[in-house]
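Please read all numbers here as calculations on a predicted model, not as lab measurements. The chains referred to below are lettered A, B, ... by the order of the sequence lines, with proteins before strands, and numbering in each begins at 1.
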2 protein chains.
Amino acid sequence: MKLTSKGRYAVMALVDLARFNNINPVSLRDISLRQGISLDYLEQIFSKLRKKEIVQSVRGIQGGYVLNKKANEIKLTNIFDAVDEKVKTVQCKKESKKGCNGKSTKCLTHNLWDELENHINNFFEQKSLEDLIKDNRERRI
Amino acid sequence: MKLTSKGRYAVMALVDLARFNNINPVSLRDISLRQGISLDYLEQIFSKLRKKEIVQSVRGIQGGYVLNKKANEIKLTNIFDAVDEKVKTVQCKKESKKGCNGKSTKCLTHNLWDELENHINNFFEQKSLEDLIKDNRERRI
DNA sequence: ATAAACCTGACTAAAATAGTCAAGTATATA
DNA sequence: TATATACTTGACTATTTTAGTCAGGTTTAT
């Protein structure tokens, strides 16, 4: 069970961006350098973030990206959702009426994984970008 | 972010095993048939569970596996640990003193992933095999 | 004796991941 | 208006992980 780097990078990049957001658009090149993430990869990630209206792009010289919402309105859920980082515990969710194992009932542990998904998603729904920034300020990293 | 089927199967198989545990050893063949899990794969999984002393094996005809502890003493953590299902959020944990990104400081979101790991692990530490069995009895699956 | 069941290690196909690469388009500024 | 900066898009690929399979054992109740 692990987090993909696409999800991690998306959050890292947005925290970075949010810190400089007030003044000017932030270029991916700068984020790339500061955070040590490949520029090409960042572009893929921001393309998705833009489509989900989490950031806005500013083209041309001095361009870059800007947050499209307030930092406290952007939750981790939104970010992960944008880059297709999902919490998957069981396969059998959407496939017809069948349960897991190809049988007609739910598997013995179905409810468990449901609980787990909820548990994790709650965490993601509560944390906002603002929380992360505050957290960093306090720890002075 | 997803659970591997090795982890899922391990838990499913143990719940199945625990339900029949009182009377006789339970053969992997039976579990395989009831849960729809490949016998060969189950053998790999139980080999690990045995090494971590979660189950005991009984060889020969009428053999099988038996729980090695009480169901309320076996937590999800123990099971996942046995089959190498770990919660991994960040790479940079054990590598020297360096932080993430190859820089000397922690990455902006390091603490976040730490929190997440704890959040998930708490869930796993609280749930025992007994809880799962009770849950199934109540729901009559 | 033999069949049921555990035991072990090597192997592999398929999927997912983590990017790279190439070829653009838009625009602020000199 | 030339041009460098920065966004935009889609295709491609190497590596790793996953989810098993396969082949050969060993043990022991009957």
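The separation between A:Gln62 atom CD and D:dT5 atom P is 11 Å, rounded to whole Å. For B:Arg50 and D:dT27, the CZ to C1' distance is 12 Å, given to the nearest whole Å. If you measure from atom CG of A:Leu39 to atom P of C:dA18, you get 18 Å, rounded to the nearest angstrom. The interatomic distance linking A:Tyr65 (OH) with C:dA26 (P) rounds to 14 Å, in whole Å. In this entry the distance linking CD of B:Glu43 with C1' of D:dG24 reads 12 Å, nearest Å. One atom, CD1 of B:Ile45, and another, P of D:dT18, lie 13 Å apart when rounded to the nearest Å. For A:Arg8 and C:dA18, the CZ to P distance is 8 Å, given to the nearest whole Å. Between the P atom of D:dA11 and the CD atom of A:Gln44 lies a distance of 12 Å, rounded to the nearest Å.
For the pair B:Asp30 and B:Lys2, both in contact range of DNA chain C, the more 5′-proximal nearest nucleotide belongs to B:Asp30. The residue among B:Ile61 and B:Ser38 whose nearest nucleotide of DNA chain D is located toward the 5' end is B:Ser38.
Which of C:dG19, D:dA6, C:dC6 sits closest to the side chain of B:Leu28 comes down to C:dC6. Ranking C:dA22, D:dT18, D:dA23 by closeness to the B:Asp40 side chain, first place goes to D:dA23.
Residue B:Phe46 is classed as having no contact, given no heavy-atom separation below 4.0 Å to the nucleic acid. Using a 4.0 Å heavy-atom distance criterion, B:Val55 is classed as making no nucleic acid contact.
Residues B:Ile79 and B:Leu129 meet the side-chain proximity criterion, which asks for heavy atoms closer than 4.5 Å.
Separating the CG atom in A:Leu42 from the CZ atom in A:Arg29 is a distance of 12.5 Å, to the nearest 0.5 Å. Distance check: B:Asp135 CG to B:Asp131 CG gives 8.5 Å after rounding to the nearest 0.5 Å.
Proximity of A:Ser47 to the phosphate of D:dC7: no side-chain N or O atom is located under 4.0 Å from OP1 or OP2. Considering only side-chain N and O atoms, A:Ser5 lies under 4.0 angstrom from the phosphate OP1 or OP2 of C:dA18. B:Tyr41 has no side-chain polar atom (N or O) that falls below the 4.0 Å cut-off from OP1 or OP2 of C:dT8.
Put simply, the side chain of A:Arg59 and the base of D:dT5 share no donor and acceptor less than 3.5 Å apart.
Under a 3.5 Å cut-off, the side chain of B:Asn136 and the backbone N or O of B:Ile133 do not form any donor-acceptor pair.
Counting heavy-atom neighbours within 6.0 Å of B:Glu43 CD, excluding the residue itself, gives a total above 12.
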